[in-house]
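Computed from heavy atoms alone, side chains included, the values below leave out hydrogens, waters and symmetry copies.
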Amino acid sequence: AILAQALPLEPASASAVCMGACMKRVAAPDAADASARKRPFAALPEVTLGRVPVYVMMPLDWMSDDGGSLRNGDILLNQFESLKRAGVRGVMADIWWGLCETEPGKYNFGACKALCSLLASVGLELQATMSFHQCGGNVGDPISIPIPAFALSVAREKDMLYRHADGDVSEDCLSLSADNQRAFAGKLGPQTRTPLDCYRDYIAVFLSSVGTENIGTVITELQIGMGPCGELRYPSYMMSKGWNYPGVGLVMADDTGMRSQLKANTGLSALPAGLPTEKNAMPDDSPVFATAAKGGDEAFRKGDAKVFFEWYQKVLLDHGATLLVEADAAIKQANVNVPAEKLALSVKVSGLHWHVMHPSRATEACAGYNSCTSDTADAYNAIAAMIARSAQSMGRPIFFNFTCLEMTNVDNNGNPQTLSAPEDLIAQVRRACIRHDVPLSGENALEFDLATGGWAFERTNKQLRGWSPGRDKMHGLTLLRLNDNFVANDSLLELGKFTSST
């Protein structure tokens with residue numbers, strides 16, 4: 001969930017980086033090279049696997065519209081064989097709620113079963129993303145997959161969607177304030193399931209459907225969708241609603257449920273004054289984020305604003321912890337009987353690198369990451385601590401999945417108002433994971449042409465720290481995104497060099 005604006009970019013989208021802030025940079029080969037790049041796979045030098053495993057994201061539309069089959073099985077098989085030869089460990093795929101449960105309690109995971117069989121035949125693993133969010137609504141998204149109609153219609157009617165005071169509503173996912181609201185149909189009749197029930201049932205039936213032989217062997221990780229684009233955050237920046245980089249976005253806490261929780265938990269009957277009303281504003285445009293005169297305290301560090309931002313993060317992290325509990329319950333519900341270390345969970349955290357150098361860290365604050373209300377406020381330390389507690393409680397590894405690994409602090413030097421600092425942000429996340437002994441995994445932020453992407457591989461490798469014997473070594477890397485160019489001969493040669501160097 002990253003954006004860089006220093007170079008000419010073309011929008012890309014991904015569920016893992018599905019926010020409109022993600023862009024891709026792809027060097028287009030000239031016509032003379034195109035045919036050569038698509039020739040049948042030539043001999044690839046033997047690849048010695050590196051110390052940090054590398055995965056590749058699947059296309060967003062890898063499954064059929066009914067969830068029952070693979071869209072391009074033969075093409076995928078050839079691509080998987082190529083990835084395997086280049087030293088790739090596996091792939092990440094969205095398991096779309098909007099395609100696999102179109103009616104309450106009626107599931108179709110045929111495509112997932114077929115994908116597991118294909119991967120098993122090649123010897124690749126699957127990071128399965130439980131995608132409880134929509135696909136689409138961002139520039140560059142090739143397809144649109146809303147959340148299930150039975151859920152979306154009820155959510156619209158009952159105000160169960162994140163909302164801003166001026167009317168912006170996100171249909172990307174359900175509001176966390178609805179987690180325990182019995183509103184959805186189930187086996188016992190109408191309005192018998194909560195969103196948490198839906199999520200747990202979905203994960204359990206997915207695991208039961210793909211077959212026990214694939215769990216812990218092919219499927220080695222479940223990434224649990226926790227918000228917009230699958231990330232643990234609020235939908236504070238939405239390109240479909242007119243947001244543009246580097247706007248700070250909006251606070252999305254004005255649905256009935258969020259207001260009710262705010263009052264019950266803090267006594268505040270309204271959101272604090274001075275919050276952004278314009279999604280493309282800069283931090284100093286909003287009174288709550290504006291820099292104070294020398295010697296003064298900013299508004300976000302005192303009074304209602306301080307109380308609000310600390311609460312806004314707390315309920316978000318509580319939501320994340322609850323979803324991890326539900327995922328663990330689903331594993332038990334599906335009678336999965338593999339060692340816990342064979343099936344990890346993961347939490348996707350958005351890399352909001354713009355305005356990191358502003359005292360308010362306004363972009364992060366709007367999304368629910370509080371690193372501003374006191375000298376000790378540290379959103380990523382709080383997230384890592386939550387993950388560590390959850391992992392200890394359930395006896396299962398849980399990964400902290402972050403992004404922007406190939407970005408540097410100077411990528412936005414042509415646009416200084418962004419106050420961007422992705423390297424500083426990664427360092428903050430890494431320190432939090434080290435402190436709480438949480439395994440850190442990550443993704444690149446920008447799609448790039450592998451054949452000419454030595455610059456990105458070099459930057460990313462620096463962040464992986466595969467040489468380290470300590471907790472700072474990353475657990476894994478997932479690269480954007482599988483397509484024809486990704487498995488062209490010259491791309492595979494460079495990919496093989498990279499996977500062996502990690």
In terms of side-chain geometry, is the basic nitrogen of [X] or [Y] positioned less than 4.0 Å from the acidic oxygen of its partner?
X: Lys332; Y: Asp328; answer: yes
X: Glu310; Y: Lys314; answer: no
X: Glu341; Y: Arg396; answer: no
X: Glu101; Y: Arg193; answer: yes

Got a list of side-chain donor-acceptor pairs under 3.5 Å for residues 179-187, not counting sequence neighbours?
unit_1: Asp179; atom_1: OD2; unit_2: His319; atom_2: ND1; d: 2.6
unit_1: Arg182; atom_1: NH1; unit_2: Thr192; atom_2: O; d: 2.7
unit_1: Arg182; atom_1: NH1; unit_2: Asp197; atom_2: OD2; d: 3.2

Checklist line | Qualifying residues under side chain to side chain donor-acceptor pair (under 3.5 Å), relative to Gln261, sequence neighbours excluded | finding: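 With sequence neighbours excluded, Gln261 shows a side chain to side chain donor-acceptor pair (under 3.5 Å) to no residue whatsoever.
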
Next item on the list: Could you walk me through whether Ser177 and Ser175 pass side chain to side chain donor-acceptor pair (under 3.5 Å), step by step?
Entry: CA-CA 5 Å; Ser177 68; Ser175 170; 2.8 Å; yes

Margin query: Can a side-chain donor-acceptor contact be found between Glu364 and Ser371 if the only test is distance below 3.5 angstrom?
Written below: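 Absent: no donor and acceptor within the cut-off.
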
Check: Is the closest side-chain donor-acceptor distance between Tyr55 and Glu125 under 3.5 Å?
Finding: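 The criterion, which ignores hydrogens and geometry beyond distance, is satisfied for Glu125 and Tyr55.
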
Margin query: Tell me whether the count of non-hydrogen atoms from other residues, nucleotides or ligands lying under 6.0 Å of CG in Asp166 goes above 12.
Written below: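 Yes.
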
Note to self: Taking NZ in Lys342 as the centre, count heavy atoms belonging to other residues, nucleotides or ligands within less than 6.0 Å. Is the count above 12?
What the structure shows: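 12 or below, so no.
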
Note to self: Test of understanding: with salt bridge (charged side-chain N to carboxylate O under 4.0 Å, His left out), list the residues that count as partners of Arg71, not counting sequence neighbours.
What the structure shows: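 Scan of Arg71 (salt bridge (charged side-chain N to carboxylate O under 4.0 Å, His left out), adjacent residues dropped) gives Asp65.
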
Check: With side chains defined as the heavy atoms from C-beta onward, is the minimum distance between Arg481 and Val56 less than 4.5 Å?
Finding: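 No, too far: nothing below the 4.5 Å cut-off.
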
Side-chain donor/acceptor pairs under 3.5 Å, residues 264-271, sequence neighbours excluded:
unit_1: Asn265; atom_1: OD1; unit_2: Trp311; atom_2: NE1; d: 2.9
unit_1: Thr266; atom_1: OG1; unit_2: Leu262; atom_2: O; d: 2.6
unit_1: Thr266; atom_1: OG1; unit_2: Leu268; atom_2: N; d: 3.1

Item checked: Those residues that, when tested against Phe300, pass ring-ring contact (aromatic ring centres under 6.0 Å, His included) (two or more places apart) ->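 Phe300 satisfies ring-ring contact (aromatic ring centres under 6.0 Å, His included) with no residue once adjacent residues are dropped.
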
Note to self: I want to know whether Phe289 and Phe309 have ring centres closer than 6.0 Å.
What the structure shows: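 Between Phe289 and Phe309, the centre distance is under 6.0 Å.
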
Check: Aromatic ring centroids of Phe486 and Phe448 under 6.0 Å?
Finding: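 So the answer is no for these two rings.
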
Margin query: Exactly one of Phe206, Trp96, Trp97, Tyr199 should register a side chain to side chain contact (heavy atoms under 4.5 Å, CB included) with Met130. Which one does?
Written below: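 Checked Phe206, Trp96, Trp97, Tyr199 against Met130; only one passes side chain to side chain contact (heavy atoms under 4.5 Å, CB included): Phe206.
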
Check: Under 3.5 Å, side chain of Glu406 to main-chain N/O of Leu446, donor-acceptor pair present?
Finding: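 Yes, because the side chain of Glu406 sits within donor-acceptor range (under 3.5 Å) of the backbone of Leu446.
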
Next item on the list: Using side chain to side chain contact (heavy atoms under 4.5 Å, CB included) as the criterion, list what pairs up with Ala86, not counting sequence neighbours.
Entry: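 Partners of Ala86 by the side chain to side chain contact (heavy atoms under 4.5 Å, CB included) criterion, ordered by chain and then number, come out as Leu44, Leu492, Leu495.
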
